[in-house]
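Right, one structure below, let's go through it.
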Amino acid sequence: MDAMTTTTPNVPPPFFAGPFEGTERAAEIIQRVREYLHGELADLAREHHVDQEHGAPREVLQQVWRRSRELGFYGMTLPSKMGGLGLSLLDHVLIKEAIYASGSPFAPHVFGELSGPPRVGALARQATPYQMQQFIIPVAQAEKAICFALTEAEAGSDAGAVQTHAVRDGDHFVITGRKRFISGSPFADYAVLMASTAADPSREREVSAFFVDLQSSGARVECGYKTMAGQSSTGDIVLDGVRVPAANLIGEPGRGLALALGRITVNRLLHCPAMVGLATVALADARDYALQRRQFGRAIGQFQAIQHMLAEAATELAAARALMIHTARQIDGGAEARAEASMTKLFCSETAFRVADRAVQIHGGEGIVQGRRVEFLFRMLRMYRVLTGTSEIQKNTIAKELLGDAAAR
């Protein structure tokens, strides 16, 4: 069977077979979520021809969101007062890793991380009662989808350079601009959108956050491109004089970046289980192919060159996973761990890509054919070296933490 078309992966490599690092509750959730991914969601993917290259239509995604909520998965990472499970960060990391290690194309939608509760949970402290009822609760209940819109053509790593402009007009703000590479925007109802409220955005930095209804007059989502991973879950948000009620302003004017970056340490860490999970799938596929593929009268796994690639990949992936778990424990223990989170994102993204690269090499000609899962994973894991802060940005953060004020001189 083509490795790309199945949603049930091979058994993960044995180096993850030690004692489970999380709580009993997390272990029980992982067992249930695996049954869900390999059962209902695998059937749904086959029925609608969904795989990593071919995304599901909005109505199918909404079916996944609602069913995941019924089962207690969608929104589990929310605070307890919002119906979440109050998970430790370590449990969150381990559950997310297991979801991505399933190889399911629906992996990003079980938690709703592209367009659901993880996008709004941290805003609950800032949201007004109106905003809770209008935006946050509908998203938490899988009735509406939301995306986070910060990036622009000239505002990526330099997040404060946004040029999308919000001008106060009575009881409204009028917003004009264009957001770029916004994950989840093609199927979002709302956006948490960052816009400059400075008189002149080119001279002054004052970024504010708004809830924006993407069905408003003058707002549209353009999805005329795909990323190198072939995903259709990314688009641009164009705002042409969109009138947004002043009641949709989140927190205080000029505090948008503080809201956006307030959980940056945790968010950097929370991208790592996806990388580790996907790299686990790549390594499992490479191992199994090495056992099955025969050349010169024997399985290629008997050749030392192949054995060394597998050994290096397994060792580096185990190290990346250990660093991820260590950092989660530090943050759970109250540490700020800013440098450690950047180290983890840097090491996990670079390591996961090397694992995928070796998996392609082991597959040889089969590994460079579109439709093979390792070929998709190679492209997907290459993206993680750029997404959510490039490797170079992570190095900058680590160096600043090491050098202190001297780094700015």
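Hydrogens, waters and symmetry mates play no part in the numbers below; they use all other heavy atoms, side chains included. Numbers here are sequence positions counted from 1.
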Side chains of [X] and [Y]: donor-acceptor distance under 3.5 Å anywhere?
X	Y	answer
Glu59	Gln63	no
Ser196	Arg205	no
Glu206	Thr197	yes
Thr227	Thr234	no
Tyr36	Ser68	yes
Glu336	Thr265	no

Please check this pair: side chain of [X] against backbone of [Y], looking for a donor-acceptor N/O pair closer than 3.5 Å.
X	Y	answer
Asn248	Val212	no
Glu152	Gln163	yes
Thr388	Tyr384	no
Gln307	Gly301	yes
Arg25	Leu85	yes
His165	Ala198	yes

My understanding is that only one of Lys345, Arg385, Glu350 makes a side-chain hydrogen bond (donor to acceptor under 3.5 Å, both in side chains) with Ser391; could you say which? Glu350
Could you point out which residue of Ile146, Leu123, Leu78 forms a side-chain contact (heavy atoms from CB on, under 4.5 Å) with Ile136? Leu123
Pair [X] + [Y]: ring centers closer than 6.0 Å:
X	Y	answer
Phe211	Tyr190	no
Phe173	Phe210	yes
Phe187	His109	yes

I'd like to know whether [atom1] of [X] has more than 12 heavy-atom contacts from other residues, nucleotides or ligands below 6.0 angstrom.
X	atom1	answer
Arg180	CZ	yes
Ile368	CD1	no
Glu252	CD	no
Glu204	CD	yes
Gln361	CD	no
Asp171	CG	no

Quick check: closest heavy atoms across Asp213 and Asp189, and the distance to 0.1 Å? OD1-O, 3.6 Å
Run Met324 and Val276 through side-chain contact (heavy atoms from CB on, under 4.5 Å) and show every step you take. CA-CA 9 Å; Met324 176 181 74; Val276 171; 4.1 Å; yes
